[in-house]
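Note sheet for the following structure.
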Amino acid sequence: MNKAEQFISERLLNRTEKGSFRNLSTKIFPVDFCSNDYLGFARSSELKLATDELLLHIPQYRNGSAGSRLLSGNHSFTEETEAFIADFHHAESGLIFNSGYDANVGLISSLAQRSDTIISDELIHASLIDGARLTHANRYSFKHNNLEDLEAKLKVSKGNIYVVVESVYSMDGDIAALYEINTLCEKYEANLIVDEAHALGIFGNSGRGLVQEAGLENKVFARIVTFGKALGCHGAIVLGSRTLRNYLINFARSFIYSTAAPIHTVATIKAAYEMLIETDYQPLIAEKIALYTSVVSSIEGILPSPSTIQTIIYNSNQKAKFAAETLQNKGIDVRAILSPTVPEGKERLRICLHLFNTDKEIKMLVDQLILLKEHE
C-alpha cells in the first residue's frame, strides 16, 4: 500500500470508528419522508407530459448540448426560460447553472475580491462555504440568525461587503430574519445574497419564495433559486441585475467551464414553473406542515419549523442511525444526518414533508417517533 492509499484508508477507518461512514444505497421504501421532492413534481406524470409537449415546439431540439453555453451549448429556448423565470420572481435578469452547488460556488467565488468581506450565517450550505473559500476576501460568520452578531461583523468589514444567508435552512428548517437582515445591510451598504433553495414552491404567492413574501425582491443583491427541491428538476438560477448576469457569464468559472444543460432539462424546469403558476400549492403543503407540527410537539428533541424540513435531535451518530434504521424497517424512509455534516452533539433525523404524504402516513410516522423516544 503506497502512502496515498494508506492516507485514505486511515481517514476512512477514522470515519468508521466515529459512526459517520457514508454508503450509497439504491433501496426504495414505501413511504417517503426523506426526499426534497416537496410537491411531488419529481414523480409527476403531469410534469412529464407537459415537458414532452414543450419539446415538440422547440426548434433545433437535440438530446445533449454538446458544449458550454459560451461555445455551442447555448439555445434561444434557454434564454427565453431564464427571462420567464426572472419575470416570475420579479427580477431583472437570471442565469441558469447546472446545479445549486455550481450556482453558489460560481456566484460567491467570482464576486468577492481580496479587499472585500464575506459575512455568512454559521449554518449556510456547504456550497456557499466552498464558494467563499475560493476567494481571497476577508471571511466572517455570524451566529445563526443573530442580528447583533451580524451587526458586529458589519461594523469591522471592509471593501465590498456580501452578507450570505439561506431563506430556509436545509438542516434545521427554520427561516432567516430577512427583513431585519436586509435593514442592516442597507445601513452598512452591504450586498445581501439569499439562497432560496428550500423556499421555492413552499412560501410566497404561488411559491415564489420568502424574498418576495417579504417584499425584498428589489433590495437583495442576488437570489439563488434551486430547481432540485420542490420543482423536482435539476439545476439552479441566479437572479439579479442584468449587470450581474453579464458578470457571471464572464467570471463565474462553474458556468464558463461546464457543458450546458440539455434542452430537455430546461424544458422540464419551464414546465414545472408553469405548474406553479397554474396551481398555488403553498396552502396545500401548509396543511401538511400544520398537521405534522400539531401532533409532534410533545416529542423530546423536536426543533420547531414552519417549513417542510422537520428535525429531531439525537445527540450522537449511533442514536440517530438506530432511529433511522428502525423507521426504515417499518417501511418509512427517514435518514439520519450525522456529524461532520452537522456539529457533534447535533446529530438528528431530518424529516421532509411532502404534498403526497397522506394524513395516515404522517400520523404513522409520529406514532413511531413517539415509540422511539420512549425506548431511547
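Remember, predicted model here, so these are calculated numbers, not experimental data. Reckoned from all heavy atoms, side chains included, excluding hydrogens, waters and symmetry mates.
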Working to the nearest 0.5 angstrom, can you tell me the gap between [X] [atom1] and [Y] [atom2]?
| X | Y | atom1 | atom2 | answer |
| --- | --- | --- | --- | --- |
| Ile161 | Cys185 | CD1 | SG | 8.5 Å |
| Ile351 | Ser305 | CD1 | OG | 11.0 Å |
| Leu39 | Asp37 | CG | CG | 7.5 Å |
| Met364 | Lys360 | CE | NZ | 8.0 Å |
| Ser294 | Ile362 | OG | CD1 | 9.0 Å |

Can you tell if the side chain of [X] reaches within under 4.5 Å of the side chain of [Y], non-hydrogen atoms only?
| X | Y | value |
| --- | --- | --- |
| Ile119 | Leu154 | yes |
| Leu338 | Val342 | no |
| Arg15 | Pro340 | yes |
| Asn138 | Ile118 | no |
| Cys34 | Val334 | no |

Do [X] and [Y] belong together in a cluster built from hydrophobic side chains that touch within less than 4.5 Å?
| X | Y | result |
| --- | --- | --- |
| Tyr257 | Leu71 | no |
| Leu369 | Leu371 | no |
| Phe142 | Ile175 | yes |

Side chain of [X], backbone of [Y]: donor and acceptor closer than 3.5 Å?
| X | Y | answer |
| --- | --- | --- |
| Asn357 | Leu353 | no |
| Ser115 | Lys158 | no |
| Ser44 | Gly40 | no |
| Thr279 | Leu276 | no |
| Thr293 | Ile289 | yes |
| Glu217 | Ala214 | no |
| Thr135 | Gly131 | no |
| Gln368 | Val366 | no |
| Ser110 | Leu248 | no |

For a quick check under 3.5 Å, do [X] and [Y] share a side-chain donor-acceptor pair by atom type?
| X | Y | result |
| --- | --- | --- |
| Asn36 | Tyr38 | yes |
| Asn160 | Asn191 | no |
| Asp32 | Ser35 | yes |
| Arg223 | Gln212 | yes |
| Glu79 | Asn74 | yes |
| Arg22 | Thr341 | yes |
| Ser141 | Glu122 | no |
| Thr308 | His198 | no |
| Asn104 | Ser127 | yes |

Going through the checks in order, is the side chain to side chain contact (heavy atoms under 4.5 Å, CB included) test met by Tyr162 and Ile108?
CA-CA 9 Å; Tyr162 301 96; Ile108 304 299; over 6 Å; no
Look at atom [atom1] of [X] and say whether more than 12 heavy atoms of other residues, nucleotides or ligands are closer to it than 6.0 Å.
| X | atom1 | result |
| --- | --- | --- |
| Lys373 | NZ | yes |
| Tyr188 | OH | yes |
| Glu344 | CD | no |
| His136 | NE2 | no |
| Ile28 | CD1 | no |

May I have the step-by-step check of side chain to side chain contact (heavy atoms under 4.5 Å, CB included) for Tyr281 and Met275, ending in yes or no?
CA-CA 9 Å; Tyr281 296 91; Met275 287 175 63; 3.8 Å; yes
Before accepting this row, confirm whether a basic side-chain N of the pair [X]/[Y] lies closer than 4.0 Å to the acidic partner's carboxylate O.
| X | Y | answer |
| --- | --- | --- |
| Asp333 | Arg335 | yes |
| Glu92 | Arg242 | yes |
| Glu82 | Arg245 | yes |

Considering non-hydrogen atoms only, spot the tightest contact between [X] and [Y] and give its length.
| X | Y | value |
| --- | --- | --- |
| Leu349 | Ala320 | CD2-O, 3.6 Å |
| Gly94 | Leu239 | CA-CD2, 4.1 Å |
| Cys233 | Leu47 | SG-CD2, 4.5 Å |
| Ala176 | Glu166 | CB-O, 3.2 Å |

Step-by-step salt bridge (Lys or Arg N to Asp or Glu O under 4.0 Å) determination, Asp172 to Arg348:
CA-CA 10 Å; Asp172 287 9; Arg348 66 198 55 199; 2.5 Å; yes
With under 30° as parallel and over 60° as perpendicular, where do the rings of Phe77 and His75 fit, or are they tilted in between?
perpendicular
Cation-pi between [X] and [Y]: NZ/CZ under 6.0 Å from ring centre and within 45° of the ring axis?
| X | Y | result |
| --- | --- | --- |
| Arg208 | Phe88 | yes |
| Lys270 | Phe84 | yes |
| Arg69 | Phe255 | no |
| Lys346 | Tyr314 | no |

Would you say the ring centroid of His89 lies under 6.0 angstrom from that of Tyr273?
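His89 vs Tyr273: aromatic centres under 6.0 Å.
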With ring centroids as reference points, do Tyr169 and His144 lie under 6.0 angstrom apart?
yes
Yes or no on side chain to side chain donor-acceptor pair (under 3.5 Å) for Asp195 and Ser167, after CA distance, side-chain angles and deciding distance?
CA-CA 6 Å; Asp195 185 337; Ser167 58; over 6 Å; no
Side chain to side chain contact (heavy atoms under 4.5 Å, CB included) for Phe97 and Val105? Distances and angles first, verdict last.
CA-CA 10 Å; Phe97 286 74; Val105 168; over 6 Å; no
Check step by step if side chain to side chain contact (heavy atoms under 4.5 Å, CB included) holds for Asp130 and Tyr101.
CA-CA 9 Å; Asp130 289 353; Tyr101 189 97; 2.5 Å; yes
Run the salt bridge (Lys or Arg N to Asp or Glu O under 4.0 Å) check on Lys363 and Asp359 step by step: do they pass?
CA-CA 6 Å; Lys363 290 172 182 175; Asp359 292 358; 5.5 Å; no
